[in-house]
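Chain identifiers are assigned alphabetically (A, B, ...) following the order of the sequence lines, protein sequences preceding nucleic acid strands; residue numbering begins at 1 within each chain.
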Number of protein chains: 2
Amino acid sequence: MITLNYRDSRPIYEQIQEGLKRLIVTGAIAAEERLPSVRTLATQLSINPNTIQRAYAELEREGYCYSVPGKGSFVSGSVDTGEKRGKELKDHLFALAAELKFLGVPEEELLELVRRAGAAETDKKEGTL
Amino acid sequence: MITLNYRDSRPIYEQIQEGLKRLIVTGAIAAEERLPSVRTLATQLSINPNTIQRAYAELEREGYCYSVPGKGSFVSGSVDTGEKRGKELKDHLFALAAELKFLGVPEEELLELVRRAGAAETDKKEGTL
DNA sequence: CTAACCGTACTAAGTCACTTAATACAGTCA
DNA sequence: TGACTGTATTAAGTGACTTAGTACGGTTAG
């Protein structure tokens with residue numbers, strides 16, 4: 001499911017982009033599976049098809065999906081679920097840890113934080129879209 | 001030192017806000033110390049005083065500083081260097097770690113990432129502004 | 001007191017990204 | 001053939017951000 005937040009400062013197309021990226025990377029939408037058409041998704045979300053189009057174009061540019069005129073848009077087979085996004089997130093985690101250390105937070109506290117994270121991640125699989 | 005990035009999608013006032021927050025929270029600008037005047041900083045950064053004003057107003061709203069008409073703007077005494085921001089960052093780190101685990105990244109890899117973070121943080125103290 | 005600072009407030013204008021709308025065209029497929 | 005697909009284009013509206021200019025009252029050194 002993709003949720004739009006109109007109060008968010010981030011543009012809609014970017015929220016859709018992020019939302020789809022998550023669905024792809026978590027395997028909620030499998031490789032080679034077809035994404036909803038720009039018009040369909042636009043109708044479901046009550047926004048303009050152009051906005052969806054833009055989100056899809058960005059995703060394609062990033063290699064998360066590819067489009068075939070006349071057929072539809074599909075998830076790339078080479079995404080390696082969690083591989084691409086994992087890299088970004090790890091960089092993020094690294095930067096965050098560095099900053100916290102800079103602020104004087106003891107390393108052990110951060111390590112404990114990481115250990116406790118994601119303890120209840122069993123019933124979260126969704127595929128509704 | 002505050003650096004502006006005009007390519008950044010984030011507005012200038014927000015970049016200034018973030019930059020000052022960092023200087024305050026790291027102790028580069030001590031509690032009760034006076035911040036540069038809106039006009040001074042505006043001149044230094046070659047932007048409009050109104051934009052600085054907005055950044056200051058946001059910082060005041062968040063409790064990082066307070067302003068006295070006719071005197072200037074000053075860092076709040078109750079900031080607890082690294083306390084406030086540290087809380088936010090820890091929440092962020094926690095969420096990030098949870099997501100990475102969800103993607104199947106082994107805990108030990110994350111722990112190692114945290115251990116390696118912030119190794120070269122000795123010569124970064126600046127006070128130039 | 002005066003002049004030079006300070007924060008604050010307001011209006012007007014311009015710019016730009018985002019979004020919508022309305023088409024249009026070509027490819028796919030039952 | 002008709003109903004879908006993706007893609008492209010132009011035009012318009014909106015809103016946030018930024019600048020510019022001006023103004024007012026408080027503070028402070030000379």
State plainly whether the residues A/Glu14 and A/Arg54 are in salt-bridge range, i.e. N to O under 4.0 Å.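 No, A/Glu14 and A/Arg54 are not salt-bridged.
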
Does a salt bridge link B/Glu18 with B/Arg10, judged by any charged N lying under 4.0 Å from a carboxylate O?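 Between B/Arg10 and B/Glu18 there is no salt bridge, as every charged N stays at least 4.0 Å from the carboxylate O atoms.
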
Mind calculating the distance between [atom1] ([X]) and [atom2] ([N]) to the nearest angstrom?
{"X": "B/Arg54", "N": "C/dC10", "atom1": "CZ", "atom2": "P", "answer": "14 Å"}
{"X": "A/Gln53", "N": "C/dA22", "atom1": "CD", "atom2": "C1'", "answer": "15 Å"}
{"X": "B/Leu41", "N": "C/dG7", "atom1": "CG", "atom2": "P", "answer": "10 Å"}
{"X": "B/Asn48", "N": "C/dG14", "atom1": "CG", "atom2": "P", "answer": "16 Å"}

Can you name the closest pair of heavy atoms from B/Ser76 and B/Ala31 and give their distance?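 Residues B/Ser76 and B/Ala31, closest heavy atoms: O-CB, 3.8 Å.
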
At under 4.0 Å, does any side-chain N or O of B/Ser67 touch on OP1 or OP2 of C/dG7?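 Checking B/Ser67 against C/dG7: no side-chain N or O falls below 4.0 Å of OP1 or OP2.
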
Contact under 4.0 Å: A/Thr51 side-chain N or O vs C/dT20 OP1/OP2: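 Checking C/dT20 against A/Thr51, a side-chain N or O does come within under 4.0 Å of OP1 or OP2.
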
Toward the 5' end of DNA chain C, which comes first, B/Gly72 or A/Arg10, by nearest nucleotide?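 It is B/Gly72 whose nearest nucleotide is closer to the 5' end.
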
B/Val38 or A/Ile12: which one's nearest nucleotide on DNA chain C is closer to the 5' end?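 Here B/Val38 is the residue nearer the 5' end.
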
Atom pairs, protein N/O to nucleotides 27-29 of chain C N/O, distance under 3.5 Å:
| residue | atom | partner | partner atom | Å |
| --- | --- | --- | --- | --- |
| C/dG27 | N2 | A/Gly70 | O | 3.3 |
| C/dT28 | O4' | A/Gly70 | O | 3.4 |
| C/dC29 | OP1 | A/Lys71 | NZ | 3.4 |

Picking from A/Glu109, A/Glu107, A/Glu108, what satisfies salt bridge (charged side-chain N to carboxylate O under 4.0 Å, His left out) with A/Lys101?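 When A/Glu109, A/Glu107, A/Glu108 are each tested with A/Lys101, the salt bridge (charged side-chain N to carboxylate O under 4.0 Å, His left out) holds only for A/Glu107.
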
Going by heavy atoms in the side chains, are [X] and [Y] under 4.5 Å from each other?
{"X": "B/Ile2", "Y": "B/Leu23", "value": "yes"}
{"X": "A/Val38", "Y": "A/Asn50", "value": "no"}
{"X": "B/Pro36", "Y": "B/Gln44", "value": "no"}

For a side-chain contact (heavy atoms from CB on, under 4.5 Å) check, start with the C-alpha distance between B/Tyr64 and B/Leu20, then their side-chain angles and the critical distance, and finish with the verdict. CA-CA 9 Å; B/Tyr64 285 93; B/Leu20 286 176; over 6 Å; no

Taking any heavy-atom pair under 4.0 Å as a contact, classify [X]: base, sugar-phosphate, or nothing.
{"X": "B/Arg34", "answer": "sugar-phosphate"}
{"X": "B/Ser73", "answer": "sugar-phosphate"}
{"X": "B/Arg39", "answer": "base"}

Is it true that the side chains of B/Tyr6 and B/Gln15 contain a donor and an acceptor less than 3.5 Å apart?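 B/Tyr6 vs B/Gln15: no donor-acceptor pair found between side chains.
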
Going 5' to 3' along DNA chain D, which nucleotides are the first and last within contact of chain A (any atom under 4.0 Å from a heavy atom)?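 Result: D/dT5 to D/dT9.
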
Kindly point out which of C/dC10, C/dT20, C/dC6 is positioned nearest to the side chain of B/Asn50?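 The listed nucleotide nearest to B/Asn50's side chain is C/dC10.
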
